[in-house]
Amino acid sequence: KEVQVVSSLVSSFKNEVELEYYLNFLDKNGRDFFDGLKDIGLVSWRVSRVFNKVGSVKTNEVYVYKNQQAYLKGQKVIEKWFNKHESFYKNITAKIEATRGIVLFEFKW
């Protein structure tokens, strides 16, 4: 059975200025990033601000791929994206914690 793969990245930024710099970049370029991944099987991509950690500046990015093959192809697309925008990412100091999993249950309405 084919299952969806979920990738989650929690990024901790040094300060609000770096977070705003990153969010501004996503605002300008996020659609191109998403469209490139959508073409290989990304189902959704969400970027959220983590607010339950007092004094921290964090985002949580959740990527849902239609299957393992889409996830693997997505890693290649993301690598190309980072290489293309290397000058931007060199200016950000963020600690990133990544997790990967498969969808076991999903409830929707």
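Count residues from 1 along the sequence.
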Interatomic distance, N91 atom CG to H85 atom NE2 [nearest 0.5 angstrom]: 13.5 Å
Test side-chain hydrogen bond (donor to acceptor under 3.5 Å, both in side chains) applied to R49 - qualifying residues, sequence neighbours left out: E16
CD1 on I102 to CG on N67, rounded to 0.5 Å: 12.0 Å
Hphob cluster co-occupancy, F51 + V47, side-chain heavy atoms under 4.5 angstrom: no
ILVMFWY network linking L37 to F25, side-chain heavy atoms under 4.5 angstrom: yes
Contacts of type ring-ring contact (aromatic ring centres under 6.0 Å, His included), residue F33, not counting sequence neighbours: W45, W81
Same cluster (ILVMFWY, side-chain, under 4.5 Å), V3 and L104: yes
Partners passing side chain to side chain contact (heavy atoms under 4.5 Å, CB included) against D35 (at least two apart in sequence or in another chain): R31, K38
Qualifying residues under ring-ring contact (aromatic ring centres under 6.0 Å, His included), relative to F34, sequence neighbours excluded: none
For K14, all residues meeting side chain to side chain contact (heavy atoms under 4.5 Å, CB included), sequence neighbours excluded: E18, T93
Salt bridge (charged side-chain N to carboxylate O under 4.0 Å, His left out) pairs, two or more places apart, involving residues 97-107: E106-K108
Atom pair NZ/OG of K58 and S11 - distance to nearest 0.5 Å: 10.0 Å
Joint hydrophobic cluster, V50 plus Y22, side-chain heavy atoms closer than 4.5 Å: no
All ring-ring contact (aromatic ring centres under 6.0 Å, His included) counterparts of F82, not counting sequence neighbours: Y89
Hphob cluster co-occupancy, V17 + V57, side-chain heavy atoms under 4.5 angstrom: no
Aromatic ring proximity Y63/Y71, centre distance under 6.0 Å: no
S8: side-chain hydrogen bond (donor to acceptor under 3.5 Å, both in side chains) partners, not counting sequence neighbours: N60
By side-chain hydrogen bond (donor to acceptor under 3.5 Å, both in side chains) - contacts of N29 (at least two apart): none
Residues that D39 engages under side-chain hydrogen bond (donor to acceptor under 3.5 Å, both in side chains), provided they are two or more places apart: none
Members besides V6 in its Ile/Leu/Val/Met/Phe/Trp/Tyr cluster (side-chain heavy atoms under 4.5 Å): V43, V62, V64, V103
S7 to Y65 - nearest heavy-atom pair and separation: CB-CE1, 4.3 Å
Euclidean distance, T59 OG1 relative to L26 CG, rounded to 0.5 Å: 8.0 Å
Partners meeting side chain to side chain contact (heavy atoms under 4.5 Å, CB included) with S87 (sequence neighbours left out): none
Pairwise distance NZ(K73) to CG(L42) - rounded to 0.5 angstrom: 13.0 Å
